[in-house]
Every structure is written in structure tokens, then in C-alpha cells.
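Below is one structure, written out as C-alpha cells, with a few remarks after it.
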Amino acid sequence: RMRVALCQIDTTVGDFDGNRHRIVAAAEEALDKGAQLAVFPELSVCGYPAEDLLLRKAFLVAHDASLKQLTTDLPLGIDVLVGCLEANAQMDQFVGRPLRNAVALIRDGECRIVARKSLLPTYDVFDESRYFEPFLTPEKNIFELNGHKVGVVVCEDSWNDEEFFGRRAYAIDPVARVVDAGAELVVNLSASPWTRGRQEFRARMVAAAAKRHGVAMIYVNQVGGDVELQFDGGSIAAKADGIAVQPIAFAEAVTVVDTDDSWGQQLVAPSLLAMQYAACVQGIRAYVQKFGFAKVVVGL
């Protein structure tokens, strides 16, 4: 049995203090709700997408300092998975990218990297291979919690199931790899932007993977606005018999699920009109607030 908190938070790129405070507050809420494991979105320490800020040494130094402070600030008695940066130890002056898109496990003042992202998207709004080195052995992305093996994947790592998509876009399937390595629970730390129909599609994708592999799947997605991108959250927990809770859209949430419970709910498709309206409201609000505008001019 595992009680897992899906910590769907709104991060801001470069706001290390603000992101850290949000992570700590959500972890404290998860602990109060009885969770043993709290899962946060992809790159939640620095915010996503950080783009060319990842090329600045001062940004990387600030990230490492914030991750170290987070290790001290988090409450005791709960395991926390948080998306972060990691220096690529295999890089030399001629080969490889300097960073990995990684996941840290933090518990009781100790921090270690337990997973790295394997599949780096370079289509649509993504250009991750510009910054990150892919991790070619995702079967190593496993840690133990209370005697259970937990597999960890990051965002795009779940988007390569040939049975669901009808084809593979990449040579390897990280979800299949961690399941074959013995994972009893698979968690995905994600920062997947919203487009029309995307939340429902993601939920069907996660549910299909849970049914195919016969394991519980936890998918935690970022929420909030980032200039031209909107993130809807839509975090979900799925098993072969259904989902645990209905996904929450365009709002921060800490949702605790128990892997021993029956997750028999069927997904309720959200209203497309309501989702479009919520995306517009979030986008305008986030743009004004995150850039610190005191007032706006509306031209009609």
C-alpha cells in the first residue's frame, strides 16, 4: 500500500524562492493528508520551460542553491519527488549536452537523483535536445519505497506507447523499460502545455498504459501560465479498472490517492468551451501577475 500525493503546482521560470515555497507548502499539505510520497511536476525547482536561461551559469548556480535549501526546508517523514536539473557527468569538451532533465528524491534532509529524462521532444514548442543529454537506460530510473519498487519517467517518456499511438516516435519506451525492471508503480513528472482536447487525450494515454502494463500510473502535470504557453494540470492516477479521481484543470491542487483502493471511476470529458475560457483567464492573469504589472490598458 502506498499513499501518493499528486502535487499540481504553478511554478514560475527563474522564481527559485517562490517555487521552493510552493513545493514546501504542498509537501506539508500532502503530509497532513497522510501521504507517504509527494510527486511534483517536471523541472519544478526552476520552472518550465527555462529555455536559454539554462545556458547561463548564474541560473544554474541559483538552481543548485535552491535545491540544497529545499532539502533543508521540506518536512520530515515524507518522500518527495521533484523535477530538477543535473549536470551531465559524462560530458566532455567535444561530446554531449551539459545538463540532464532529472528527478530528485528528497527525504529527511537527504537528496539524491533517482531518474533522468530519456525522450527529448524537438517538435512544436519544444527544443529540449538543445539543452539536455538524453538518458539511454531508463530501466535504472527506479527506487524503493516501503518495500515497493517505484519507476520514474519524465513527461515525453510516456508519449511513446506503440499500442496506444500506433507507432513509435523514438527507439525506446521508458515506461515499458521501468515496468520490465520490476516497477510496481510508475510516476510521471510532467510539464505538458494545454491545447484543445489535450487533457482528455493525456488521461486516456495514462489509463491505456496502466491497463497494458498492469501497474498503477501516477501522472503529475504543471499548472499555470508562462507567456505563450498555458499549463492545465489535469494530473491523474490510473489503474486497469479506472481512474482514482477526476483531473483538476487550471487550478493548483494536492490530491492524495491510495494504491490499495479501487480506482473504478471513468473519465468525464471536460467542456471544451469551459476549458478554453479557463485557459484565456489563466493566461491573462498569469501574464499580468508574473511580470508584475500594476495596471493594464484594454483597447476595444
Side-chain angles (χ1 to χ4, degrees), residues 9 11-24 27 38-74 79-122 126-144 150-158 170-172 174 177-178 181 187-191 220 222 226:
I9 63 170
T11 58
T12 300
V13 173
D15 183 10
F16 291 103
D17 290 342
N19 295 344
R20 187 173 64 254
H21 293 153
R22 272 184 154 81
I23 293 168
V24 171
V39 183
F40 288 86
E42 176 181 15
L43 292 180
S44 45
V45 173
C46 63
Y48 183 97
E51 299 181 325
D52 279 9
L53 288 172
L54 297 170
L55 305 177
R56 297 191 179 189
K57 183 177 180 180
F59 187 86
L60 303 180
V61 170
H63 167 277
D64 293 348
S66 189
L67 181 60
K68 183 177 181 181
Q69 186 63 45
L70 184 63
T71 303
T72 300
D73 293 349
L74 282 169
D79 289 81
V80 175
L81 286 175
V82 62
C84 65
L85 302 171
E86 181 196 32
N88 177 15
Q90 278 76 48
M91 180 186 172
D92 62 31
Q93 66 186 62
F94 300 110
V95 179
R97 297 287 185 261
L99 296 172
R100 290 193 191 274
N101 186 333
V103 178
L105 174 65
I106 303 173
R107 181 182 173 89
D108 296 345
E110 295 187 1
C111 176
R112 62 187 176 96
I113 301 296
V114 293
R116 290 95 174 167
K117 189 172 185 177
S118 298
L119 309 183
L120 304 178
T122 56
F126 306 105
D127 192 15
E128 292 198 20
S129 64
R130 173 176 169 85
Y131 312 103
F132 299 116
E133 183 73 11
F135 190 58
L136 302 181
T137 51
E139 60 273 10
K140 296 179 180 179
N141 290 345
I142 287 183
F143 72 98
E144 286 201 12
V150 179
V152 183
V153 294
V154 182
C155 203
E156 186 80 356
D157 290 344
S158 286
Y170 306 88
I172 61 176
R177 290 278 187 97
V178 296
V187 299
N188 182 309
L189 290 76
S190 185
V220 179
Q222 174 177 311
D226 179 79

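The structure displayed is predicted, hence computed values, not measured ones.
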For this session: Just jot down the side chain to side chain donor-acceptor pair (under 3.5 Å) partners of Ser158, sequence neighbours excluded, or say none.
Result: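 Once residues adjacent in sequence are excluded, the partners of Ser158 under the side chain to side chain donor-acceptor pair (under 3.5 Å) criterion are Asn188.
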
Problem set entry | Residues which pass side chain to side chain donor-acceptor pair (under 3.5 Å) with Asp157, listed by chain and number, not counting sequence neighbours |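 For Asp157, no residue satisfies side chain to side chain donor-acceptor pair (under 3.5 Å) once neighbours in sequence are set aside.
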
Exercise. Between the side chain of Gln222 and the main-chain N/O of Ile9, is any donor-acceptor distance below 3.5 Å?
Worked result: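 Absent.
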
For this session: Kindly say whether Leu119 contributes a backbone atom to a donor-acceptor pair with the side chain of Glu156 at under 3.5 angstrom?
Result: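 Side chain of Glu156 to backbone of Leu119: no pair is present.
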
Side chain to side chain, [X] and [Y], heavy atoms closer than 4.5 Å:
X      : Y      : result
Leu99  : Glu86  : no
Cys111 : Ile106 : yes
Val150 : Val187 : yes
Thr11  : Tyr48  : no
Ile23  : Ser44  : yes
Phe16  : Gln69  : no
Ser118 : Pro174 : yes

Problem set entry | Salt-bridge criterion met for Arg97 and Glu133 (N-O under 4.0 Å) |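 Salt bridge between Arg97 and Glu133, a charged N being under 4.0 Å from a carboxylate O: no.
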
Exercise. Between Glu128 and Lys117, is there a salt bridge with N-O shorter than 4.0 Å?
Worked result: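 Salt bridge between Lys117 and Glu128, a charged N being under 4.0 Å from a carboxylate O: yes.
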
Problem set entry | side chain to side chain contact (heavy atoms under 4.5 Å, CB included) against Leu55, all qualifying residues, sequence neighbours excluded |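 Scan of Leu55 (side chain to side chain contact (heavy atoms under 4.5 Å, CB included), adjacent residues dropped) gives Asp52, Arg130, Tyr131.
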
Exercise. Side chain to side chain contact (heavy atoms under 4.5 Å, CB included) with Ala115: which residues, sequence neighbours excluded?
Worked result: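 Here the qualifying residues are Val103, Asn141, Val152.
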
For this session: Please identify each residue that fulfils salt bridge (Lys or Arg N to Asp or Glu O under 4.0 Å) with Asp79, with sequence neighbours left out.
Result: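 Per chain and number, Asp79 pairs via salt bridge (Lys or Arg N to Asp or Glu O under 4.0 Å) with Arg107.
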
Exercise. Are Leu81 and Phe40 close enough, and set up right, to give a side-chain contact (heavy atoms from CB on, under 4.5 Å), and what steps lead you there?
Worked result: CA-CA 6 Å; Leu81 286 175; Phe40 288 86; over 6 Å; no

Problem set entry | Exceeds 12 heavy-atom contacts within 6.0 angstrom, atom CD of Glu144 |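 Result for CD/Glu144: enclosed.
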
Per-pair distances, 0.1 Å, donor-acceptor, side chain in residues 56-66, under 3.5 Å, sequence neighbours excluded:
from	atom 1	to	atom 2	distance (Å)
His63	NE2	Leu85	N	3.0
Ser66	OG	Arg20	NH1	2.9

Exercise. Can you list the steps and then say if Asn19 with Val45 is a side-chain contact (heavy atoms from CB on, under 4.5 Å)?
Worked result: CA-CA 6 Å; Asn19 295 344; Val45 173; over 6 Å; no

Interatomic spacing from [atom1] in [X] to [atom2] in [Y] - rounded to 0.5 Å:
X      : Y      : atom1 : atom2 : value
Leu43  : Asn101 : CG    : CG    : 4.0 Å
Arg112 : Phe143 : CZ    : CZ    : 7.5 Å
Phe135 : Ile113 : CZ    : CD1   : 11.0 Å

Please find the pair of heavy atoms, one from [X] and one from [Y], that lie closest to each other, and give the distance.
X      : Y      : result
Asp226 : Pro49  : OD2-CD, 3.4 Å
Glu139 : Ala181 : O-CB, 3.7 Å
Cys155 : Ala191 : SG-N, 3.7 Å
Thr122 : Ser129 : CG2-OG, 3.0 Å

